[in-house]
Colleague: 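Just dropping this structure here.
Side chains are part of it too, since the values below use all heavy atoms of this structure and drop only hydrogens, waters and symmetry mates. Starting from 1, each residue takes its place in the sequence as its number. In each ligand, atom 1 is the first atom listed, and ligand 1 is the first ligand listed.
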Amino acid sequence: MKIAVLVSGGGTNLQAIIDSIDNGHLTNVSIEVVIASNANAFALERAKNHGIASLVITRKAYETMEAYDEAMLGAITSSGAELVVMAGFLSLLGPKVVQKYANRILNIHPALIPSFCGKGMYGIRPHEAVLARGVKVSGATVHLVNEFYDEGPILLQKAVDVLPNDTPETLQKRIMKECEQVILPQAIQCMADNKVVIENNLAKIVD
Ligand code: GAR
């Protein structure tokens, strides 16, 4: 399955996908393009180092959401991608992309949805909120993307304990390594193997 990976930052999730393809844990998947929401994303270096085509599409380069949406749609469709993977992508996708790739867009969120998600909950913020609330487990969620923030069908989740001495940074690091980088490649494999059935905003993995 051909995929487009959308990034905004360090690209550790992108790296996990690249490594899973290289070491044979992720099969029948090829990254056709990496699209970054800003030119400084280190994820672009990772794409370059692996000979993967990349481009930058920033929201602010376009006067309207419609124009941005069209540009993003054009870039994704011309790559030939059948699946879009938001791997730490912090911009909002426009309605045309979301409709054209309905049930074909994955997002990784650094918390256990429906907790600590929604508008403004990205990057380090969910981890700060988790510690402020004193919850004892957190983790990551891969879900399908619809037009509402973090509300599409949940595909996979993985949890870790929140430890007494955790800081937002230590918790973030552990969740990235032990949850995100594990379940994102797994979710892509499920999609590539055509094992995901979606009904009534619920995703089921079938054999
Ligand atoms: C990851 O923790 C990802 O879950 C989060 O941004 C980070 C990107 O890291 N995404 C969100 O907060 C989306 N709401 P990476 O660039 O190293 O993969």
Colleague: So, 4.0 Å and heavy atoms of Met121: is ligand 1 close enough to count as a contact?
Modeller: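 Heavy atoms of Met121 do come under 4.0 Å of ligand 1.
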Colleague: Look up atom CD1 in Ile3 and atom CD1 in Ile105, then write down how far apart they are to the nearest 0.5 Å.
Modeller: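 It is 13.0 Å, given to the nearest 0.5 Å.
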Colleague: Using a 4.0 Å cut-off to any heavy atom of Met176, which atoms of ligand 1 qualify?
Modeller: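 This gives 2 (O), 9 (O), 17 (O) as the contact atoms.
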Colleague: Which of the numbered atoms in ligand 1 are under 4.0 angstrom from any heavy atom belonging to Tyr122?
Modeller: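 Close to Tyr122: 12 (O), 14 (N).
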Colleague: For Leu155, run the side-chain contact (heavy atoms from CB on, under 4.5 Å) check against Ile205, Ile198, Ile188 and tell me which one passes.
Modeller: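 Between Leu155 and the candidates, side-chain contact (heavy atoms from CB on, under 4.5 Å) is satisfied uniquely by Ile205.
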Colleague: Before signing off on this row, confirm whether Asn13 and ligand 1 have an N or O atom pair separated by under 3.5 Å.
Modeller: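 Yes; the residue has a nitrogen or oxygen that sits under 3.5 Å from a nitrogen or oxygen of the ligand.
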Colleague: Which of these, Pro126, Gly11, Gly88, has its nearest heavy atom closest to atom 15 (P) of ligand 1?
Modeller: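 Looking at heavy atoms only, Gly11 sits closest to atom 15 (P) of ligand 1.
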Colleague: Should you measure from each heavy atom of His109, which atoms of ligand 1 turn up under 4.0 Å away?
Modeller: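 In order of numbering, the contacting atoms are 14 (N).
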Colleague: Would you call Lys195 and Asp207 a salt bridge, taking side-chain N to carboxylate O under 4.0 Å as the test?
Modeller: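 Looking at Asp207 together with Lys195, the answer is yes, because their closest N to O distance falls below 4.0 Å.
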Colleague: Starting from atom 3 (C) of ligand 1, locate the nearest protein heavy atom and write down its residue, its atom name and how far away it is, to 0.1 Å.
Modeller: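 Answer, as residue, atom name and distance: Glu180 OE1, 3.3 Å.
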Colleague: Do the side chains of Thr12 and Arg46 get nearer than 4.5 Å, heavy atoms only?
Modeller: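 Yes - at least one pair of side-chain heavy atoms lies under 4.5 Å apart.
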Colleague: Side chains of residues 78-92: which donor-acceptor partners sit under 3.5 Å, not counting sequence neighbours?
Modeller:
{"unit_1": "Ser78", "atom_1": "OG", "unit_2": "Gly74", "atom_2": "O", "d": "2.8"}
{"unit_1": "Ser78", "atom_1": "OG", "unit_2": "Ala75", "atom_2": "O", "d": "3.4"}
{"unit_1": "Ser79", "atom_1": "OG", "unit_2": "Ile76", "atom_2": "O", "d": "2.6"}
{"unit_1": "Ser79", "atom_1": "OG", "unit_2": "Ala81", "atom_2": "N", "d": "3.1"}
{"unit_1": "Glu82", "atom_1": "OE2", "unit_2": "Lys2", "atom_2": "N", "d": "2.7"}

Colleague: Who's closest to atom 10 (N) of ligand 1 heavy-atom-wise, of Ile108, Leu14, Thr12, Val7?
Modeller: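 The residue whose heavy atom sits nearest atom 10 (N) of ligand 1 is Ile108.
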Colleague: Within the structure, is a non-hydrogen atom of Leu90 found at a distance of less than 4.0 Å from ligand 1?
Modeller: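 Distance cut 4.0 Å: Leu90 passes for ligand 1.
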Colleague: Quick test: of every protein heavy atom, which one is nearest to atom 12 (O) of ligand 1, and how far off is it to 0.1 Å?
Modeller: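 Nearest neighbour among protein heavy atoms for atom 12 (O) of ligand 1, to 0.1 Å: Gly123 N, 2.9 Å.
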Colleague: Provide the closest heavy-atom pair for Ile154 versus Ala203 in the form atom of the first, atom of the second, distance.
Modeller: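 Result for this residue pair: O-CB, 3.5 Å.
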Colleague: Using every non-hydrogen atom in the two residues, find where Pro185 and Leu26 come nearest and quote the distance to one decimal.
Modeller: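 Looking at all heavy atoms of both residues, the shortest contact is O-CD1, 3.5 Å.
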